[in-house]
Enquirer: 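The structure follows.
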Amino acid sequence: MTKIETKPIDGQKPGTSGLRKKTPTFRQPGYLENFVQAIFDGTGGAEGKTYVVGGDGRYFNVEATQIILKMAAANGAARVIVGQNGLLSTPAASHLIRLNETDGGIILSASHNPGGPEEDFGIKFNTSNGGPAPETVTDRIFARTKDIGAYHIIDADDVDLATFGERAIGDMTVEVVDPVADYRDLMRSIFDFDAIRTLFADGFTIRFDAMHAVTGPYAKAILENTLGAAPGSVVNGDPSPTFGGGHPDPNPVWAVDLMNTMMGEEAPDFGAASDGDGDRNMIVGRGIYVSPSDSLAVLAANATLVPAYKDGLNGIARSMPTSAAADRVAERLGVAMFETPTGWKFFGNLLDAGKVTICGEESAGTGSDHIREKDGLWAVLFWLNILAVRKMSVQELMNDHWEGYGRNYYTRLDFEGVPVERAEALMQGVRDRLDTLKGCEAGDCVVSNADEFTYTDPVDEGVSRGQGLRIWYKGGARAVLRMSGTGTVGATIRCYLEAFSATVLDDPKRLDPVRHATMELAEFERHIGRTTPDVVT
Ligand code: G1P
Ligand code: ZN
């Protein structure tokens, strides 16, 4: 057992979802080790505890896993459950934490960010409820990174992560498990697998793009081998350390091949994709892309068709920038609706307290109380379950939904790689004018209200400030501005636009006036020299 002297390293503050940096940063001597030791120290030590460890298979996943195992052993942990070859999707890790009642888990992923020697890496601590550590915990971990003096690691050979079963490292037991089996059982306990099997047997076609990331093995095992989707339905299904050189982000920009297939002549009935670590989802029907905000609303509206939710929902939660489409579903169902800051960690308390059953974010995340993370394949199976029962196409289902509830037009503009001072100046410029914006005219829009979102957690009463600038326009449209907390280079400004229409259900230009007004009011041109975003979703 070795105690290694170390010094605090700047900048180890966890963001929206754990600590994310460039891989070379993580590979600097002591960088990963300091943070892992801070996780143990910041959560009361590892002595006698059990953990789940796994990652999305990106470059450095296996090496980092070995380091964590040796450090867990040196810190006195009793047992660590690891996915074979260090692989676990984020939802599967969350499930294993809950199923085995461990003290928490360490997930290695930078989600949808590219992977590779020069790309991104990340590490996140999840607590014993299976969910991302809340801010109170990440604050303690961060505080520890600032006064850390040593870390502990045992001097031992690497653990065999390829073979299932238990082995010892120091006094600790490592159990290597099939990453898929328990997760598949969980999905089987939630959805009507027989109905979905019949759907496929009747000729329904699907293309699931795993984007060379972690969901390949899960999707093959569940969709093809268990539910009978045609062999080859899962594409890009072998996890690769660099995600095949791509960007494993399931949206129309990065999953362009899938989009082209789904908009083409020979499109299958249903298309879906998931991200690096398997917690995001993209849903596409033949000829129609479903926005994540709409997807949340449709799942909620049809939830009782799924066996696990047949008795109805306790409530629905969405992140603040997500569209209000789900709010009207909640209203009609007569259940509570919660609006939280961006980031899955804010749903944890609501789920634990039984206040909500389904949650979602505009960033392609949907999930329920079955785990404490968003869950890409779960969303896909939810859609398949609904389509199997309602016997409609995706287009028909969406039309039916919009006719019943009206339509929230929605888009997000991302301005990436902005110098941090400029991005902050833009945000501050709006913040300084929040009180005077009311009544301002910009283009065809008039501001009806503006504020900065502060969230008070209804369960623990924790207050989170500075969670996004909101501008409402007369007629009900809304813009939200916030800075990304997951990027690794410069700043990313996200601008979320939304407008509701109860009657006009197909107007591609519906958001144009809101977009122009927001660019003008926030002075994008003056602050960052452009009004054209890098990514539009
Ligand atoms: C982004 C998304 C957010 C999501 C997070 C982790 O965070 O916007 O909804 O929870 O990734 O997947 P951001 O970069 O905006 O801070
Ligand atoms: Zn992810």
Side-chain angles (χ1 to χ4, degrees), residues 13-20 54-58 88-94 107-115 120-124 126 131-135 138 210-211 213-215 218 243 247-251 254-255 273-282 291-293 296 317-323 339-348 359-367 371-379 410 412-418 423 427 453 464 466-469 480-496 534-535 537:
K13 185 173 170 57
T16 312
S17 185
L19 182 67
R20 287 194 197 165
D56 63 9
R58 71 180 57 226
L88 280 179
S89 75
T90 291
S94 181
I107 300 177
L108 302 169
S109 170
S111 189
H112 48 289
N113 297 6
D120 291 1
F121 193 77
I123 176 168
K124 181 169 82 159
N126 281 30
E135 277 183 342
T138 54
M211 304 189 86
V214 79
T215 49
Y218 294 85
F243 306 118
H247 205 124
D249 196 355
N251 62 43
W254 295 111
S274 191
D275 71 330
D277 61 330
D279 56 358
R280 295 187 175 201
N281 72 88
M282 172 166 122
S291 83
S293 294
L296 173 66
R318 63 165 172 85
S319 67
M320 179 275 285
T322 303
S323 94
E339 195 179 28
T340 58
T342 296
W344 206 262
K345 60 189 172 201
F346 292 101
F347 294 134
C359 316
E361 293 195 279
E362 53 64 43
S363 54
T366 359
I371 53 172
R372 293 295 179 273
E373 289 277 5
K374 56 196 180 226
D375 190 343
L377 260 171
W378 169 90
Y410 192 82
R412 184 178 100 185
L413 317 176
D414 291 340
F415 299 82
E416 297 175 345
V418 180
M427 296 291 287
F453 181 49
S464 303
Q467 299 295 329
L469 301 166
V480 175
L481 295 168
R482 61 177 283 281
M483 271 164 60
S484 159
T486 57
T488 55
V489 186
T492 295
I493 302 172
R494 302 201 195 286
C495 173
Y496 311 78
D534 299 282
V535 179
T537 51

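All ligand and atom numbering here is 1-based and tracks the order in the structure. Here, residue 1 is the first one in the sequence, and each next residue gets the next number.
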Enquirer: For M320, is there any backbone N or O sitting under 3.5 Å from a side-chain donor or acceptor partner on R318?
Expert: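 Yes; judged by distance alone, with no hydrogens or angles, the pair exists.
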Enquirer: Side chains of S484 and T486: is there a donor and an acceptor less than 3.5 Å apart?
Expert: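 Present: a donor and an acceptor within the cut-off.
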Enquirer: One residue to check: S363. Relative to ligand 1, which of side chain, backbone, both or neither has a non-hydrogen atom less than 4.0 Å away?
Expert: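 Only the side chain of S363 comes within reach of ligand 1.
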Enquirer: If I consider every N, O or S atom in D279, which one ends up closest to the Zn ion (ligand 2)? I only need its name.
Expert: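 In D279, the heteroatom (N, O or S) nearest the Zn ion (ligand 2) is OD1.
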Enquirer: At less than 4.0 angstrom from any non-hydrogen atom of G485, what atoms of ligand 1 do you find?
Expert: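 Taking each heavy atom of G485 in turn, ligand 1 has 13 (P), 14 (O), 16 (O) under 4.0 Å.
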Enquirer: With backbone taken as N, CA, C and O and side chain as the heavy atoms from C-beta onward, which portion of T486 lies under 4.0 Å from ligand 1: side chain, backbone, both, or neither?
Expert: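 The answer is both, backbone and side chain.
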Enquirer: Tell me the protein heavy atom at minimum distance from atom 10 (O) of ligand 1, and give that distance in Å.
Expert: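 Result: E361 OE1, 2.7 Å.
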Enquirer: Would you say T537 and D414 are linked by a side-chain donor-acceptor pair, where the criterion is simply a distance under 3.5 Å?
Expert: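 Distance-only check fails for D414 and T537.
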Enquirer: Could you say whether the N/O atoms of S484 and ligand 1 ever approach to under 3.5 Å?
Expert: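 Yes.
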Enquirer: Among D120, D277, L108, whose side chain to side chain contact (heavy atoms under 4.5 Å, CB included) with R58 holds?
Expert: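 Of the listed options, the one satisfying the test is D120.
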Enquirer: If we only count N/O pairs under 3.5 Å, is R494 in contact with ligand 1?
Expert: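 Min N/O separation from ligand 1 is below 3.5 Å for R494.
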Enquirer: Should you measure from each heavy atom of G343, which atoms of ligand 1 turn up under 4.0 Å away?
Expert: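 Result: 10 (O).
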Enquirer: From S111, does some N, O or S atom reach closer than 2.8 Å to the Zn ion (ligand 2)?
Expert: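 Under 2.8 Å: S111 contacts the Zn ion (ligand 2) through an N, O or S atom.
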Enquirer: Can you measure from OG (S111) to CG (D56) and round to the nearest 0.5 angstrom?
Expert: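 So the OG of S111 and the CG of D56 are separated by 8.0 Å.
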Enquirer: Parallel, tilted or perpendicular: which one describes the rings of H247 and W254, with boundaries at 30° and 60°?
Expert: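 H247 and W254: parallel rings.
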Enquirer: Taking C-beta and beyond as the side chain, do R494 and P321 meet within less than 4.5 Å on heavy atoms?
Expert: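 No, every pair of side-chain atoms sits at 4.5 Å or beyond.
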Enquirer: Would you say K374 has any N or O atom under 3.5 Å from an N or O of ligand 1, going by distance alone?
Expert: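 By distance alone, the answer is yes.
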Enquirer: Need the ligand 1 atom indices (1-based, order shown) with element for anything under 4.0 Å from a heavy-atom of T342.
Expert: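 Numbered from 1, ligand 1 contributes 3 (C), 8 (O), 9 (O).
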Enquirer: Could you check whether any side-chain heavy atom of R280 comes within less than 4.5 Å of a side-chain heavy atom of K374, counting everything from C-beta outward?
Expert: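 Heavy-atom side-chain distance check passes, below 4.5 Å.
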Enquirer: If you consider just the N/O/S atoms, which atom of D277 is the closest one to the Zn ion (ligand 2)?
Expert: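 When I compare the N, O and S atoms of D277, OD1 is nearest to the Zn ion (ligand 2).
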Enquirer: What atom name does the N, O or S atom of D275 nearest to the Zn ion (ligand 2) carry?
Expert: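 Atom name returned: OD2.
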Enquirer: Measure the distance from atom 1 (C) of ligand 1 to every protein heavy atom, then report the residue, atom name and distance (to 0.1 Å) of the closest one.
Expert: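 For atom 1 (C) of ligand 1, the nearest protein heavy atom comes out as R280 NH2, 3.6 Å.
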Enquirer: Any side-chain heavy atom of R372 sitting closer than 4.5 Å to one from W344?
Expert: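 The answer is no; the side chains never approach within 4.5 Å.
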